Protein chains: 2
Amino acid sequence: MGSRVEKETPLRRDARRNREMLIAAAREIYTDQGVDAPLDDIARRAGVGSATLYRRFAGRAELIEAVFGDSLRDILRAAEEARSATDAWAGLTAYLERIFGLLAADRGTNDLMTTGIQGVPSLDALRKENHKTLDDLLGRAQEQGKVRPDATAEDLQFMLAALGRAVPGSTVAAPLAWRRYLALLLDGLRPEGSHPLPAPSLTPDQLNAAMLQLGKVRRPRTGRAD
Amino acid sequence: MGSRVEKETPLRRDARRNREMLIAAAREIYTDQGVDAPLDDIARRAGVGSATLYRRFAGRAELIEAVFGDSLRDILRAAEEARSATDAWAGLTAYLERIFGLLAADRGTNDLMTTGIQGVPSLDALRKENHKTLDDLLGRAQEQGKVRPDATAEDLQFMLAALGRAVPGSTVAAPLAWRRYLALLLDGLRPEGSHPLPAPSLTPDQLNAAMLQLGKVRRPRTGRAD
DNA sequence: CACTAACCGGGGGAATCTCTCCGGTTAGGT
DNA sequence: ACCTAACCGGAGAGATTCCCCCGGTTAGTG
């Protein structure tokens, strides 16, 4: 029941190659379909049978770990870095803009950061670090008078997850629309009055398109039904 | 291909009774599972075969219309009412709090209002009216100096959908947490400084539970997989 | 070059879900 | 009470997706 891959015997060359192909295929599919994508699709895209996928990775979580492990560690480093900012508010906004850039560009990363997926060690570490970062920056920004004193790190996390989850819907019509929404959210955190919003607002048609996407977070369904 | 029910011949008594049973069952199931719930579940709960459901309703959209038609018309009236407020900002907040109360209490209504479900006439009418309401109230609130001039009705709609979609996740742990988030969002719309937040913030544990729910918007999946 | 352990992919069982067929049953008028 | 059109529900075809079994193939070694 332990790890599927024994470190003792290095994989045979073909096995290793297939493993790489699977990770590459999974990365592509996760990026534009999210981490709930059918595993069979990934195997097909990699040009191997589904059995090979299950032989290399115990399940979805292990594949996710293999695909996103490195990039999650990168984000983790960015979080650490952000906390070293002297101006806490500047550090916070820079950090969040970086995160949202990732959420908007990569559906898989979005799933990982805006939902509670279990069983991925790197992800648990990231969540912990992320919470620590937000807590620290928010607290210091409050001390520096840049954030309203009644907001908590939990408030921020919830709002970020809610907004982040919706972002992919808007990227279809306007790739940078998230900047505007993040700015609006952050303005709600500040004690003083409003600051100008970046980027143009969505047009009504673009909004409709975005709303449509919102419902399609995952619609596997089955056959004929619309 | 027209309507499945002929108005000429009223339904036989048993047929009508089953129709009512189906609507009642659908209402219950939609309320706590959302409108993507399996139709077979609804038929089973109503105590009839799935064929009876398909005989009475052409598909999911027609059933939704039958279940939510009345309540949607109620909301529609509330929107009309809200627009008659002299103080646009007060009207807007009252309207939104009412809507969010519904979104938090009823998963089906939430799906209907935060995603772009197609094929339900009452819903199209509601969306149109809702947009008109927000546009009107926001515009007038801006003229009255209560809302920052650079925000648009589309901005508001997007943020509301994003937050509304996340609300059910928080209701498990804290039924009224949405008040706090809505207040935070609305504060971002105001030109002046911050106003006190209602309701307590989520605890870290409650936040975790909420994040977990976020991913479970719909996880039909299949068999053994976790 | 021969051998064997590791590896491979197709195919299939099981679980879900939508939607339809068909033989048996019932409501409601005469 | 009888008859017929309308109605009913179980059963199942077809579509997905997860996951594993099994006979054939291949990498790497002596």
Side-chain angles (χ1 to χ4, degrees), chain A residues 1 3-23 25-26 29-30 33-64 117 119 216 218-226, chain B residues 1 3-23 25-26 29-30 33-64 117 119 216 218-226:
Chain A
M1 199 67 78
S3 173
R4 196 50 102 259
V5 181
E6 285 96 29
K7 291 206 178 66
E8 335 288 359
T9 322
L11 289 175
R12 229 169 64 175
R13 191 164 310 152
D14 53 348
R16 175 165 264 309
R17 208 177 55 91
N18 280 341
R19 204 186 118 96
E20 301 300 333
M21 301 278 279
L22 280 166
I23 292 180
I29 287 190
Y30 283 165
Q33 295 188 30
V35 296
D36 277 334
L39 297 181
D40 283 353
D41 285 1
I42 293 171
R44 197 174 326 114
R45 156 96 68 144
V48 303
S50 56
T52 302
L53 190 160
Y54 286 98
R55 206 173 293 121
R56 268 329 125 228
F57 306 96
R60 187 174 264 117
E62 210 170 291
L63 182 54
I64 290 175
I117 294 171
K216 294 190 178 161
R218 186 90 220 284
R219 188 79 91 89
R221 259 344 181 212
T222 165
R224 271 100 121 180
D226 173 20
Chain B
M1 203 56 80
S3 174
R4 198 47 105 259
V5 182
E6 286 97 28
K7 290 200 177 74
E8 334 288 0
T9 323
L11 290 174
R12 229 169 65 176
R13 190 166 308 150
D14 52 349
R16 175 165 264 311
R17 208 177 57 90
N18 279 340
R19 202 187 120 95
E20 301 300 333
M21 301 277 279
L22 280 165
I23 292 180
I29 288 191
Y30 282 165
Q33 296 188 30
V35 295
D36 277 333
L39 297 180
D40 281 353
D41 285 1
I42 294 170
R44 197 175 325 113
R45 156 98 65 144
V48 303
S50 55
T52 302
L53 190 159
Y54 287 97
R55 205 174 294 120
R56 274 320 131 232
F57 305 95
R60 187 174 264 121
E62 210 170 293
L63 182 54
I64 290 176
I117 294 171
K216 293 189 179 160
R218 185 86 222 285
R219 187 79 91 89
R221 241 53 210 130
T222 164
R224 273 98 123 180
D226 173 22

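Only heavy atoms go into these numbers, but all of them, side chains included; no hydrogens, no water, no symmetry mates. Letters A, B, ... are given to chains in the order of the sequence lines, protein chains preceding strands, and every chain is numbered from 1. What you see is a predicted model; the values in this text were computed from it and never measured.
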message: Less than 4.0 angstrom between a side-chain N/O of A:Asn18 and OP1 or OP2 of C:dC7, yes or no?
response: no
Taken to the nearest whole Å, CZ/A:Arg56 to P/D:dC18 is 19 Å
(Q) Please determine whether a side-chain nitrogen of the Lys or Arg among B:Asp14 and B:Arg17 lies less than 4.0 Å from a carboxylate oxygen of the Asp or Glu. (A) no
A:Leu39 atom CG is separated from C:dG9 atom P, nearest whole Å, by 16 Å
From CZ of B:Phe57 across to C1' of C:dC19 the rounded distance in Å is 16 Å
Please state whether the phosphate of D:dC7, meaning OP1 or OP2, lies under 4.0 angstrom from any side-chain nitrogen or oxygen of B:Arg19. no
Applying side chain to side chain contact (heavy atoms under 4.5 Å, CB included) to A:Ala61 and not counting sequence neighbours gives A:Val120
Exercise. State whether A:Arg60 places a side-chain N or O below 4.0 Å from either non-bridging phosphate oxygen (OP1 or OP2) of D:dC18.
Key: yes
Distance check: side-chain N/O of B:Tyr54 vs OP1/OP2 of C:dT20, anything under 4.0 Å?
no
Ordered by number, residues from residues 42-51 of chain A within less than 4.0 Å of DNA chain D (heavy atoms) are A:Ser50, A:Ala51
Counting primed atoms, P, OP1 and OP2 as sugar-phosphate and everything else as base, the B/S/- map of nucleotides 22-30 of chain C against protein heavy atoms under 4.0 Å is ----BSS--
Note: for A:Arg16 and B:Asp41 on DNA chain C, the residue whose nearest nucleotide lies more 5' is A:Arg16
